[in-house]
Amino acid sequence: MYNTMLNLILFGPPGSGKGTQAQKLAEKYELLHISTGDLFRHELGNNTPLGQEARRYMDQGKLVPDEITIGMLRNKIEAHPQVKGYIFDGFPRTIPQAEALDKLLAERGQSITALIAIDVPDEEIIQRILLRGKESGRSDDQDEKIIRQRIATYREQTLPVYNYYENQNKAYTINGLGLVEEISQGLFQVIDELSPC
Ligand code: AMP
């Protein structure tokens with residue numbers, strides 16, 4: 001078991017199933033699920049200034065600037081001081097975000113326990129996102145051009161975050177093809193084998 005908090009990053013391209021799996025992990029390990037995409041969509045739905053600002057980037061498949069994203073994440077963490085741990089979904093997406101997250105946790109005497117990447121090939125991702133867009137009506141999930149831009153953004157700005165945590169010996173990868181339940185099992189296995197921190 002864990003003496004301190006279990007702080008996980010669920011990593012992977014858009015459409016790799018991070019949101020679905022993060023919910024399952026949050027339930028099983030009693031963690032607070034923080035999805036920056038969901039937080040932005042919530043702001044957008046309420047038409048707040050933050051939501052309006054974020055929309056300009058989300059609609060183009062680009063990242064919302066670090067300063068805005070990190071500020072929003074800090075607020076969320078500060079609003080929930082009494083938790084067993086966090087599962088970060090869709091954050092960090094840049095090296096400055098990863099550095100800010102490490103600093104934020106260190107200030108609280110904590111650290112990231114592990115980053116787990118869900119590996120799914122590009123073509124599968126595009127099909128999955130288009131299907132999700134049909135079901136959810138999410139505008140950035142309905143236009144193949146925006147989806148390809150999000151994948152390019154992921155490659156250029158987000159993939160280096162994997163190496164950042166690999167250098168800390170905290171990065172793991174699981175196969176993201178298969179049934180939702182099979183992928184969950186793969187995640188549980190990695191987490192249950194982590195040495196207690
Ligand atoms: P997601 O639901 O995680 O795919 O996020 C949807 C969109 O929200 C992304 O395409 C970005 O425009 C924005 N977004 C979500 N998380 C972040 C982040 N950590 N940094 C910058 N932009 C983000």
Side-chain angles (χ1 to χ4, degrees), residues 7-26 31-78 86-105 112 115-120 122 124-165 176 183:
N7 297 317
L8 302 171
I9 298 170
L10 205 50
F11 192 79
S16 54
K18 296 189 297 293
T20 306
Q21 296 297 338
Q23 277 177 21
K24 292 183 183 293
L25 296 182
L31 308 174
L32 179 68
H33 174 196
I34 302 184
S35 154
T36 41
D38 285 351
L39 292 175
F40 283 132
R41 278 185 288 279
H42 182 75
E43 297 286 336
L44 224 142
N46 290 332
N47 212 15
T48 64
L50 173 61
Q52 286 169 9
E53 176 73 7
R55 185 200 301 271
R56 293 172 37 207
Y57 302 93
M58 294 169 80
D59 281 354
Q60 295 179 58
K62 301 210 168 132
L63 294 182
V64 179
D66 285 339
E67 208 181 282
I68 299 175
T69 308
I70 293 165
M72 182 178 70
L73 182 97
R74 186 185 300 118
N75 289 341
K76 183 78 181 171
I77 287 185
E78 283 172 357
Y86 301 101
I87 170 105
F88 298 101
D89 155 14
F91 185 93
R93 261 173 152 108
T94 63
I95 295 288
Q97 289 182 18
E99 290 169 346
L101 178 61
D102 280 358
K103 193 159 162 258
L104 217 77
L105 292 175
I112 287 298
L115 172 150
I116 312 176
I118 306 180
D119 186 28
V120 182
D122 280 4
E124 165 82 10
I125 281 168
I126 293 169
Q127 294 316 314
R128 280 195 200 178
I129 298 179
L130 286 169
L131 190 70
R132 181 171 75 182
K134 268 193 204 143
E135 288 163 0
S136 72
R138 228 179 105 168
S139 59
D140 63 341
D141 279 352
Q142 295 183 24
D143 181 329
E144 192 162 331
K145 213 174 111 220
I146 299 176
I147 298 171
R148 289 196 185 275
Q149 175 59 52
R150 285 161 66 200
I151 294 173
T153 302
Y154 172 77
R155 284 226 190 84
E156 287 157 23
Q157 291 175 267
T158 305
L159 261 184
V161 171
Y162 186 91
N163 299 64
Y164 175 88
Y165 284 102
I183 297 160

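For reference, positions follow the sequence shown, starting with 1. First listed ligand is number 1; within each ligand, the first listed atom is number 1.
Annotation: P14 places no N or O atom under 3.5 Å from an N or O atom of ligand 1; distance criterion only. Not one N or O of D140 is nearer than 3.5 Å to an N or O of ligand 1, by distance alone. When only interatomic distances are considered, the shortest N/O to N/O separation between K62 and ligand 1 falls below 3.5 Å. Annotation: F91 places no N or O atom under 3.5 Å from an N or O atom of ligand 1; distance criterion only.
Nearest protein heavy-atom neighbour of atom 23 (C) of ligand 1: F40 CE1, 3.7 Å. If you check which protein heavy atom lies closest to atom 16 (N) of ligand 1, you get T36 OG1, 2.8 Å. The nearest protein atom to atom 22 (N) of ligand 1, hydrogens excluded, is given as V64 N, 3.0 Å; this is a heavy-atom distance.
I116 has its side chain out of reach of F11: every pair of non-hydrogen atoms, C-beta onward, lies at least 4.5 Å apart. Annotation: side chain of Q23 is in contact with side chain of H33 (closest heavy-atom distance under 4.5 Å). Between R41 and D38 there is a side-chain heavy-atom pair separated by less than 4.5 Å. Inter-residue side-chain proximity for F91 and I34 is flagged as unmet; no heavy-atom pair is nearer than 4.5 Å.
Using a 4.0 angstrom heavy-atom cutoff, R138 counts as in contact with ligand 1.
When all heavy atoms are compared, the tightest approach of P92 to I9 is CD-CD1, 3.7 Å.
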* Pair L50-M72, side chain to side chain contact (heavy atoms under 4.5 Å, CB included): steps then yes or no -> CA-CA 9 Å; L50 173 61; M72 182 178 70; 3.9 Å; yes
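Under 3.5 Å, the side chains of T48 and E43 contain a donor-acceptor pair of N or O atoms. In summary, the side chains of Y165 and D102 do present a donor paired with an acceptor at a separation below 3.5 Å, with no hydrogens or angles considered.
Atoms of ligand 1 found under 4.0 Å from any heavy atom of T69, numbered from 1 in the order shown, are 18 (C), 19 (N), 20 (N), 21 (C). Close approach of ligand 1 to R41 (heavy-atom distance below 4.0 Å) involves ligand atoms 2 (O), 6 (C).
Of the listed options Q97, R93, M58, R150, R93 places a heavy atom closest to atom 5 (O) of ligand 1.
When non-hydrogen atoms are compared, ligand 1 lies under 4.0 Å from neither the backbone nor the side chain of K18.
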